[in-house]
Amino acid sequence: MDGQWNQNQQQGNPNQQQGNPYQQQGNPYQQQGNPYQQQGNPYQQANPYMGGGGANYGGGLGPEKAPNIFQQFALAFVPPKYNLLTKVKVGSMIGFVTLLVLITTVLSFVSLAVEFSSINMEAVASALPDFEVKNGRLYLDEDFRYDDDGLFVYMTEDIDGFSYEDAADLAAEGYYNILLVGRDRMSLMQNTEYQQLDFKDFGSTLEISRSWIVTKLVPFMLIAVAIAYVFFFVGRVLWYFLCAAIYMLIGMAIAAIVSKHIETGELFRIAVYAKVLFFVIATVISLLPFVNFAIPLWFRIAATTAFMAFAIVKLPGRKLNTAPPMSMGGQGWQ
C-alpha cells in the first residue's frame, strides 16, 4: 500500500498538475488592459487650436474655440492675449474688419446728417457769388470766403486746387465743416473726414452754378452724400487691410529683432487687430462736436508699432537658430 501511495504521489493530483485554468490563462481583462486607458482622452490628443495640448482659455477641459467677433474686439485691446487672435480664421477676421468699418461709417454718416440738418444750406447758397463749373473747371469773377459757426468756405480760380494739409490747418483752428474750391477741384473736410473731387470727373454735360445749387443740389444733398458714403465704406475696408499689410512688414522686422519665429499669417492678424485701438479713437474724436483736432499720422504709426511690438514679445514662438525638440516616438531614449 505504501508503494501504491508513492506511485500516486509521483503521478500527482491531476487537478494539481493541470492547475487552475483561470490562474494559467490569467484575467483577460488584466492582460488586455483598459482600452480607454491605452487610447487616452481623444480631446487631449487632438485639439485643433493648440496642436494637441488640450488647453483652453480657462485652463479647463474641453476643446478650445476661436474668439467670435465680439471677443475679437475686446481682445484687440489686450496685446498679451494676441496668441488667441492669431488662431482666428480668415473669414472671421474679414467679417470683423468689415463690421467694424461699417459701424464707424454709419455713425459718421448719422453725425454728418444731424449737423447738415442744422445748417441752412439755402442761406449759404444765397450768399455764394455768381460762379459756374463747366468743361472741368471753375469760373469765378472774384474770390469768395464764408466763415460762420464752424463752417468755412473758400472759392478761387487763382489756385488749381487745395490739399489735405490746407483743410487740416483750418480744422486745427476749430472748423469742422470745410469746403475749399479751386479752379480744377474741390476739397471737403467734415469732422476730420477728407474727400476730394475733380471737376473733370463731372463730365462735360454737367454745369454747376449758384442757381443749380439752390434748386437742385440742396434737396438731394443727403442722398448724394449717402451714395458717396457707400463708396467711402468700401474704400475704408480696402485701405484698412492695405495698412495692415504694411504694418505686417514692420512686424517682421520686430520679430527678427527679438529673434522669434512667427508665421506670416500670424503677423498679419497681429497688424489687423493692433490697428483697432487708434481706428476706434479716431472715430470717437470725429464724432465729438467739441473736439476739433485730429491725431497726427506719425503718432498713430508709432503707437500702433509699439502696440504690435508688445504683442509680438508676449506671443509664444520658437526662437530663431534654435533646433526643434527631438522626437522620441518609437525610438526610446538614445
Side-chain angles (χ1 to χ4, degrees), residues 105-239 286 289 292 294 297:
T105 303
V106 170
L107 291 176
S108 178
F109 173 74
V110 171
S111 175
L112 175 63
V114 171
E115 288 203 20
F116 183 82
S117 62
S118 63
I119 299 176
N120 189 347
M121 290 300 298
E122 293 186 0
V124 174
S126 62
L128 292 175
D130 289 331
F131 74 95
E132 191 174 19
V133 176
K134 65 179 181 180
N135 298 325
R137 62 157 294 172
L138 169 70
Y139 295 92
L140 181 67
D141 293 334
E142 59 182 9
D143 295 351
F144 171 77
R145 172 175 174 151
Y146 182 87
D147 182 356
D148 181 53
D149 193 22
L151 174 64
F152 184 89
V153 180
Y154 184 71
M155 303 175 62
T156 180
E157 63 175 359
D158 296 332
I159 302 175
D160 58 353
F162 296 88
S163 64
Y164 170 83
E165 288 74 16
D166 297 326
D169 290 340
L170 290 170
E173 296 179 10
Y175 299 101
Y176 46 86
N177 287 308
I178 303 166
L179 177 62
L180 303 175
V181 184
R183 183 184 65 247
D184 300 326
R185 61 180 176 270
M186 61 182 294
S187 297
L188 177 66
M189 177 174 281
Q190 298 166 315
N191 293 327
T192 70
E193 297 289 349
Y194 179 78
Q195 300 181 54
Q196 183 173 287
L197 299 173
D198 292 336
F199 292 139
K200 64 181 180 180
D201 295 336
F202 293 166
S204 58
T205 58
L206 179 62
E207 296 183 1
I208 303 175
S209 62
R210 184 177 68 176
S211 60
W212 182 87
I213 291 178
V214 175
T215 58
K216 296 182 179 180
L217 180 61
V218 173
F220 299 101
M221 180 64 76
L222 280 179
I223 297 177
V225 171
I227 295 175
Y229 261 82
V230 173
F231 294 97
F232 179 59
F233 159 71
V234 176
R236 291 185 79 186
V237 173
L238 297 178
W239 181 251
S286 66
N292 298 315
L297 180 61

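For the numbers below, each heavy atom of this structure counts, side chains included, while hydrogens, waters and symmetry mates do not. Because the structure is predicted, anything quoted here is derived from the model rather than measured.
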Nearest heavy-atom neighbours spanning [X] and [Y]:
X: M189; Y: A171; value: SD-CB, 3.8 Å
X: Q195; Y: A228; value: OE1-CB, 4.4 Å
X: R137; Y: F199; value: N-CB, 4.1 Å
X: Q196; Y: S187; value: OE1-OG, 3.7 Å
X: L140; Y: E157; value: O-OE2, 2.9 Å

D141 atom CG, neighbour heavy-atom count above 12 within 6.0 Å: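 It does not: D141 CG has 12 such atoms or fewer within range.
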Derivation of the side chain to side chain contact (heavy atoms under 4.5 Å, CB included) call for L170 and L180: CA-CA 10 Å; L170 290 170; L180 303 175; 3.8 Å; yes
Hey, what do you get for [atom1] ([X]) to [atom2] ([Y]), rounding to the nearest 0.5 Å?
X: F152; Y: L179; atom1: CZ; atom2: CG; answer: 10.0 Å
X: R183; Y: Y139; atom1: CZ; atom2: OH; answer: 10.0 Å
X: L138; Y: T156; atom1: CG; atom2: OG1; answer: 8.0 Å

Side chain proximity check, F144 to F131, heavy atoms < 4.5 angstrom: no
What I'd like to find out is whether the side chain of D158 reaches to under 4.5 Å of the side chain of D143, using heavy atoms alone.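 D158 vs D143: side chains touch.
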Give the C-alpha distance, both sets of side-chain angles, the deciding distance and a yes or no for side chain to side chain contact (heavy atoms under 4.5 Å, CB included) between F109 and F232. CA-CA 11 Å; F109 173 74; F232 179 59; over 6 Å; no
Could you check whether any side-chain N or O of T105 sits under 3.5 Å from a backbone N or O of F233, counting only pairs where one atom can act as donor and the other as acceptor? no
Within the side chain of D166, is there an N or O that forms a donor-acceptor pair under 3.5 Å with the backbone of S163?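 Yes; judged by distance alone, with no hydrogens or angles, the pair exists.
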R145 and D147: CA distance, side-chain angles, deciding distance, side chain to side chain contact (heavy atoms under 4.5 Å, CB included) verdict: CA-CA 7 Å; R145 172 175 174 151; D147 182 356; 3.9 Å; yes
Please state whether the rings of Y164 and Y194 are parallel, tilted or perpendicular, taking 30° and 60° as the class boundaries.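 Because their plane-to-plane angle is over 60°, the rings of Y164 and Y194 count as perpendicular.
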Go through the steps to decide whether D184 and K200 satisfy the test side chain to side chain contact (heavy atoms under 4.5 Å, CB included), and finish with yes or no. CA-CA 7 Å; D184 300 326; K200 64 181 180 180; over 6 Å; no
